[in-house]
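What you see is a predicted model, and the numbers here were worked out from it, not measured in a lab. Positions are given from 1 along the sequence.
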Amino acid sequence: MESKFIAHINTRTGQKQTVREHSENTAELCREYAIPELKSFLFATGLYHDVGKYGSNFQRRILGENIRVEHSACGALAAKERYPFPMCLMMEYCIAGHHSGLPNGGFDNDTEDMSTLSGRMHRKFDDFSIYDEELSPPEIDFAEWTKFITCDCGNDVDRLIDKFTFLTRYVFSCLVDADTKDTAWFCGEKDLPVQLHADFQACLEKVNHQLASFPTQTELQKARAQLQNQAFQNAGQPADIYLLNMPTGSGKTLASVRLALEMVISGEKKRIIYIIPYNSIIDQTAEVFENLFGEDLEILRHQSTFSYEDAENLSEDYREAAKCATENWDAPFIITTTVQFFESIYSNKRGKLRKLHNMADSILIFDEAHLMPQDYLQPCLQSIAYITRYLHSKAIFLTATMPDFRRLVREYAFPDSRIVDLITDISEFPVFQKCRYSYLGELESFDILKKSSESLSSLIVVNKRATARKLFQECGGKKYHLSTYMTAFDRKRVLKEIRQELKKLEEDYPDLQEVPEDRRITIISTSLIEAGVDLDVYTVFRETAGLDNILQAGGRCNREGKRATADVFIFELSDQNRRIISDVKRSLTKGLLDKYPDISAPDCIREYYDRLFFMNRDKINQGAIHNQCSDIRSIPFKTYAEEFEIIDTKTVSLIVARDEKSRTLLEGLKFGKMRNARPLQNYSCTLYQRELDDLIRQHAADDYGTGIFCLTNPDYYDEELGVLFEAQDYYL
């Protein structure tokens, strides 16, 4: 007998989809997505997720009555009745939250007005019991399920909570993606776009051709080739996590992509996910890959500063496919940020968590892996360990300053993780030491600028944006300024100008002799320039900071090794008003400057990270979710997700019109005609809340009731300095 209970109505065709049809379709998709150990479990979760739609009130609503009906918790009640604890509990979290997000577990005495799982389970619902006549739930081997959930946990309750939490998020990801896809297939107003394309074998051939084309004449070129070959040979060892520790300039990016392509092809993995710490590096990395792979690979970029609506050079089919793929990462090659990656794993919302199940059967490349956030290092490492072990992926950690990740993973994730060092012979490392590190002590800004003016091209990196601005204003000659007070639009423009000017300087003065003062280049920046920004300057000056910051800044000095040696000078500024701030990384580095004649030496780097990570165990462990609950029934999914923020939330974004396109976008925002704010990200800069408040008081910023603040007075922005806090007419 045909079911009369309706789940969806296609508004375009009038066609009706029954609850049974939608439930069975969702269950099949869930089973298709699931890892082998959870296939029956996920089928059952998908089957039960919408049983509340069998209630008469929901049927009245879908046929047009304007009534509010909650249906999600009904499936949780059905699962609780059908399956034993704690199997049913994992289903309850996922089904109850499949629209609003994974809820906090709560406690037995929570009342029905509370939004916790426990509170919602106490509510009274319309009779939906007819579902039992239409749906056939599978039998699930409870002993096997329990064995999988508890393995690797021993008798440790904390480990069990963490693992149960991760797998619940994974199940939720499968469920909401299956639910969304089946609904879209039925209700879609147009055909779904085709998937993005990748020919991994052709890509591998192009990488190999590129690597083979590099000359191996000089000592550095030979060392680069030897290190890369060493990595390729060691990659044959089975592992969950591979550590690729290679110096700046040794070709880590190409080497890591070749390794990933070989692993995808030989291990029949589905995708490569390239994870980068900063938005500022993604453009550069994406351009390298796009130029190399061409039509053999359609890359999905998922970052806050990039919008496919904004990308005019892409075909409409590609843009539609990419926009769809950013929702669930169902794409062969993804470039994203550390923030997007980890906040997707630890979110509770369907829009973000929907990506998690597509991290399975993948190769994860973590560029600049040492920059994983220390406050959340335990959950970050633990999630990578879970994804590689239970979701059958592999990870590659990539950096020129490698912490002891073998020890870190085993202490904060799995004691028995399979970890392979791809570089075991570091005898070639000294060849890549292209600069000397010298500590100048405390200097005034005048002394720094005077010393930098003696160099043909210099980069001065400081810790504060106000310091960078002050130095730039005091500096003479050909100068450039970079900070997050500037929009991403202007930072990209300035970096392009810097590269062009450095290239022209080298062309005009190939022997770098007798360069006139007005052609000498000074770049003054905050730390945003350090990680992966491809610049090659003659001399670097770095204000005291963490050793990793200093070495990253040094990576911009004599980057191509064209000179026998060059200098990185470390300094402290004596003439700025600064509070004494307790900075562990800075204090550690100052101690190492006294101890080691060469702070770029492997022993120094090892000691720095050992002291940083293993002297701060309490701080690193405090980010674990097991610290917020003692029972799987009370996991605070919602609260933890809201607190899990890798980016400092004391900062806010301000949008600044910088061209005709951005002015049009802001007009749309002002008059309520803009639905998607992502295209504005390219025109955003970063302020502290108090700085934004100051602009609002001066009537220089407004959000037009949207919550997205924009600069309304152009006199408060300078294309070289960024946001001003007094109008330019009065700015001295």
Side-chain angles (χ1 to χ4, degrees), residues 149-170 239-245 275 277 338-339 341-347 356 359 364-391 393-399 401-421 546-548 584-585 588 605-630 632 635-637 640-641 643-646:
I149 298 298
T150 58
C151 70
D152 302 315
C153 296
N155 294 316
D156 191 324
V157 174
D158 290 346
R159 284 185 179 276
L160 180 61
I161 290 171
D162 288 352
K163 183 178 177 185
F164 188 91
T165 302
F166 174 81
L167 290 175
T168 302
R169 289 194 181 100
Y170 169 75
D240 303 313
I241 299 170
Y242 295 89
L243 307 179
L244 186 57
N245 181 22
I275 302 129
T338 304
V339 172
F341 184 81
F342 288 116
E343 289 189 0
S344 294
I345 294 171
Y346 286 103
S347 177
L356 176 55
M359 296 176 191
L364 315 174
I365 304 175
F366 292 90
D367 196 8
E368 308 292 0
H370 66 281
L371 291 173
M372 284 186 202
Q374 188 176 354
D375 287 352
Y376 289 106
L377 188 62
Q378 190 272 356
C380 288
L381 292 177
Q382 190 178 62
S383 64
I384 296 166
Y386 287 149
I387 291 168
T388 54
R389 177 163 298 188
Y390 303 127
L391 307 191
S393 294
K394 293 181 182 294
I396 302 171
F397 289 5
L398 183 65
T399 178
T401 55
M402 185 73 75
D404 188 352
F405 273 119
R406 181 184 294 273
R407 186 177 166 196
L408 286 167
V409 170
R410 287 177 175 169
E411 180 156 342
Y412 298 117
F414 284 144
D416 60 344
S417 277
R418 297 182 303 166
I419 302 170
V420 165
D421 286 289
L547 181 66
D548 49 337
V584 173
K585 295 174 77 173
L588 281 175
I605 295 170
R606 191 178 304 112
E607 181 174 345
Y608 171 74
Y609 282 119
D610 283 352
R611 293 173 67 182
L612 182 65
F613 291 130
F614 298 108
M615 289 174 63
N616 291 281
R617 285 180 171 84
D618 291 344
K619 184 178 182 182
I620 290 171
N621 275 314
Q622 72 185 9
I625 197 167
H626 64 247
N627 290 325
Q628 298 191 19
C629 63
S630 57
I632 56 174
I635 297 170
F637 284 104
Y640 187 84
E643 293 173 354
F644 189 95
E645 292 175 326
I646 292 174

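Here the shortest heavy-atom pairing between F166 and S383 reads CE1-O, 4.4 Å. Taking both residues in full, the closest heavy atoms of A624 and P379 are given as N-CD, 4.3 Å, listed atom of the first, atom of the second, then distance. Here the closest heavy-atom approach between residue Q378 and residue I620 is recorded as CB-O, 3.4 Å. Across every non-hydrogen atom of A395 and T388, the tightest pair is N-CG2, 3.8 Å. The minimum heavy-atom distance between C153 and K163, with the atom names listed, is SG-CD, 3.9 Å. The two residues A239 and V420 make their nearest non-hydrogen contact at CB-CG2, 3.5 Å.
For the pair I149 and F164, the minimum side-chain heavy-atom distance is below 4.5 Å. Contact of the M359 side chain with the S344 side chain is registered, since non-hydrogen atoms from C-beta on lie closer than 4.5 Å. With contacts defined as side-chain heavy-atom distances shorter than 4.5 Å, the pair Y386/L167 does not qualify. Using a 4.5 Å heavy-atom threshold, the side chains of E368 and H370 count as touching. Residues T165 and Y346 fail the side-chain proximity criterion, which asks for heavy atoms closer than 4.5 Å. At a threshold of 4.5 Å between non-hydrogen side-chain atoms, the residues L377 and L408 count as touching. Using a 4.5 Å heavy-atom cutoff, the side chains of Y609 and L547 are not in contact. Contact of the F414 side chain with the D240 side chain is not registered, since no non-hydrogen atoms from C-beta on lie closer than 4.5 Å.
Interatomic distance, S417 OG to Q382 CD, rounded to the nearest 0.5 Å: 10.5 Å. Atom CD of residue E607 and atom CG of residue L588 lie 8.5 Å apart, to the nearest 0.5 angstrom. Atom CG of D162 sits about 8.5 Å away from atom CG of D156, to the nearest 0.5 Å. Rounding to the nearest 0.5 Å places CD1 of I396 at 5.0 Å from CD1 of I365. Taking CG from D404 and CD1 from I605, the interatomic distance works out to 13.0 Å, rounded to the nearest 0.5 Å. Once rounded to the nearest 0.5 Å, the distance linking CD1 of I161 with SG of C629 reads 4.5 Å.
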Legend entry - Intermediate values then yes/no, side chain to side chain contact (heavy atoms under 4.5 Å, CB included), L371 and T338: CA-CA 9 Å; L371 291 173; T338 304; over 6 Å; no
Legend entry - Derivation of the side chain to side chain donor-acceptor pair (under 3.5 Å) call for Q622 and N627: CA-CA 7 Å; Q622 72 185 9; N627 290 325; over 6 Å; no
Legend entry - Stepwise side chain to side chain contact (heavy atoms under 4.5 Å, CB included) test for S630 and V157: CA-CA 8 Å; S630 57; V157 174; over 6 Å; no
Inset, instruction - Show the numbers, then the answer: is there a side chain to side chain donor-acceptor pair (under 3.5 Å) between D152 and Y390? - result: CA-CA 11 Å; D152 302 315; Y390 303 127; 2.5 Å; yes
Inset, instruction - Under the side chain to side chain donor-acceptor pair (under 3.5 Å) rule, what do Y242 and D421 come out as? Steps first, then yes or no, please. - result: CA-CA 6 Å; Y242 295 89; D421 286 289; over 6 Å; no
Inset, instruction - Would you please test R418 and I241 for side chain to side chain contact (heavy atoms under 4.5 Å, CB included) and show each step? - result: CA-CA 6 Å; R418 297 182 303 166; I241 299 170; over 6 Å; no
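The main-chain N or O of I646 is found under 3.5 Å from a side-chain atom of E343 such that the two form a donor-acceptor pair. With hydrogens and angles disregarded, a donor-acceptor distance shorter than 3.5 Å links the side chain of R159 to the backbone of A413. No donor-acceptor pair under 3.5 Å is formed between the side chain of R606 and the backbone N or O of P403. Side-chain atoms of R406 come within 3.5 Å of backbone N or O of I419 as a donor-acceptor pair.
The only option from T399, I275, L244 that meets the side chain to side chain contact (heavy atoms under 4.5 Å, CB included) definition with F366 turns out to be I275. For the side chain to side chain contact (heavy atoms under 4.5 Å, CB included) with F405, the qualifying choice from I384, N245, L243 is L243, the only one to do so.
Between Y608 and D548, the side chains place a donor N or O and an acceptor N or O closer than 3.5 Å (distance only, hydrogens not considered).
Stacking of R407 on the aromatic ring of F614 is recorded, both the 6.0 Å distance cut-off and the 45° axial limit being met.
Between D416 and R389, at least one side-chain N (NZ, or NE/NH1/NH2) sits under 4.0 Å from a carboxylate O, which counts as a salt bridge.
Using a 30° and 60° split on the angle between ring planes, F644 and Y376 fall in the tilted class, from 30° to 60°.
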